[in-house]
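What's counted below: heavy atoms across the whole structure, side chains too, no hydrogens, waters or symmetry copies. Remember, predicted model here, so these are calculated numbers, not experimental data.
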Amino acid sequence: MQIQRLWLSGFRSYVDADVELPGGLTAVLGPNGQGKSNLLEAMSYLATLRSFRGAPAEAMVRVGADRAVVRGQVLTDGREHLIEAEIARTGRNRVLVDKQRLTRQRDLTEVLRVTVFTPDDLELVKGGPALRRGFLDDLLVSVHPRHDQVRAEWERALKQRNALLKQMHGRPDESALITLDVWDQKLSTAGDALAGLRHDLVQRIAPVVSRAYRDVAAEELEVSLRYLAPWSTGTGDRPGGLGAALAASRSDELRRGLTLVGPHRDDLELTLRSLPARTHASQGEQRSLALALRLASHRVLLETHDSPPVLLLDDVFSELDPDRSAALLRSLPEGQTVLSSAAGLPDGVDSELILDVADGAVRPR
């Protein structure tokens, strides 16, 4: 996959921009605060329809503008596609793919996939379980779009069950308990399916993360990943699947008005030298592990689809020491890579294109 050309209008700091990109390495350089990350954010938005910074839609619209437009000409498996996204300050956004309205977001993964690393990814290692669950679920959908339906069914059932528990106020009548049984069945079916997919994905990606960590850190360390689902067979003290766990926790859930067990409480355990990376790894090791997670997901997608996603590395060198920076550049995967840097490039970098960003303008060097 390759973003061949990117057009921006009213996006973040850009009034207008028109950039052609090669299929190899592009370096986006310039001082902080000039719009380097904005450029990568626009590329990512074409594939995900969201900001990798977690920003709301209106934050991506230039001050004084009513809307932003991001257009990308994309090459996928030898075919050119045009993705056009209109981001409204108020109201609904609009997305066209080859001049046809996009009806399902997951269909975008067949046209463009991206892997993004940002300095905030350190929170994948240091932060709470929700970030790691999101990492797994996003990768599941990228591996196969149909997995989005499994996630959607789980989220819908969880929302409905929580609403019912809250309405009961800890004093359910017979009718409410019958309805709760129905939602227990729906939730357990969806939850067992989602947890199974996550578990299988972790089994698949774990050795790839270990290799990616070795490549980035340029050292051999014992790296392991494990999916933690205390409610499921073999990972806790409750036998059976989610249905059995829901039955065992019903009295507590009725009292608290909340679903207490299931995939929404699970975690991805990351360890270095058999110790939790979140609490025992050094800052440099945590950064290398976060980058290894992204690179491993990139490699898994390449194995699955035979077409590498576009790799976006935002301000990556600020998070790595010189040795790790050099190791990263030596291990860049095949395909298109776009990286940004405020500190220039390490010696020996062979980039096909350098883009200088300053004062809201992008210029090829």
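- At a threshold of 4.0 Å, the pair Arg299-Asp215 counts as salt-bridged, since one of the basic side-chain nitrogens sits closer than that to a carboxylate oxygen.
- Using cut-offs of 30° and 60° for the angle between ring planes, the Trp154 and His264 rings count as tilted.
- Annotation: cation-pi pair Arg161/Trp183 absent, no NZ/CZ under 6.0 Å from the ring centroid and within 45° of its normal.
- Using a 4.0 Å cut-off between charged nitrogen and carboxylate oxygen, Arg94 and Glu84 do not count as a salt-bridge pair.
- For the pairing with Leu40, the side chain to side chain contact (heavy atoms under 4.5 Å, CB included) check across Phe117, Phe52, Tyr45 returns one residue only, Phe52.
- Few gaps surround CG on Asp173; more than 12 heavy atoms of other groups in view lie less than 6.0 Å from it.
- No salt bridge links Arg89 with Glu58; every basic N to acidic carboxylate O contact stays at or beyond 4.0 Å.
- Salt bridge status for Asp138 with Arg151: present, with a side-chain N to carboxylate O gap under 4.0 Å.
- Taking CG of Leu289 as the reference point, atom CG of Leu124 lies at 9.0 Å (rounded to 0.5 Å).
- More than 12 heavy atoms of other residues, nucleotides or ligands lie within 6.0 Å of CG in Asp252, so this atom counts as buried by the packing criterion.
- Taking the charged nitrogens against the carboxylate oxygens, Arg278 and Glu123 have no contact shorter than 4.0 Å, which rules out a salt bridge.
- For the atom pair Thr259 OG1 and Leu246 CG, the distance stands at 7.0 Å (nearest 0.5 Å).
- In summary, Lys36 and Asp314 do not engage in a salt bridge, as defined by a charged side-chain N under 4.0 Å from a carboxylate O.
- Using modelled atom types, one finds a donor on one side chain and an acceptor on the other under 3.5 Å when comparing Arg204 with Thr304.
- The closest side-chain donor-acceptor pair between Ser282 and Gln286, if any, does not fall under 3.5 angstrom.
- There is a side-chain donor-acceptor pair under 3.5 Å between His144 and Arg146.
- Note that the CG atom of Leu136 and the CD1 atom of Ile205 stand 7.5 Å from one another [nearest 0.5 Å].
- We find the CD-CD distance between Glu155 and Gln160 to be 13.0 Å, quoted to the nearest 0.5 Å.
- When every heavy atom of Leu345 is checked against every heavy atom of Ser351, the shortest pair comes out as CD1-OG, 4.3 Å.
- Of the charged side-chain nitrogens involved, at least one lies within less than 4.0 Å of a carboxylate oxygen, so that Asp137 and Arg198 count as a salt-bridged pair.
- Under 4.0 Å is where a charged nitrogen must lie from a carboxylate oxygen, and between Glu41 and Arg53 at least one such pair does.
- Using a 4.0 Å cut-off between charged nitrogen and carboxylate oxygen, Asp266 and Arg133 do not count as a salt-bridge pair.
- A salt bridge links Glu219 with Arg324: at least one charged nitrogen is closer than 4.0 Å to a carboxylate oxygen.
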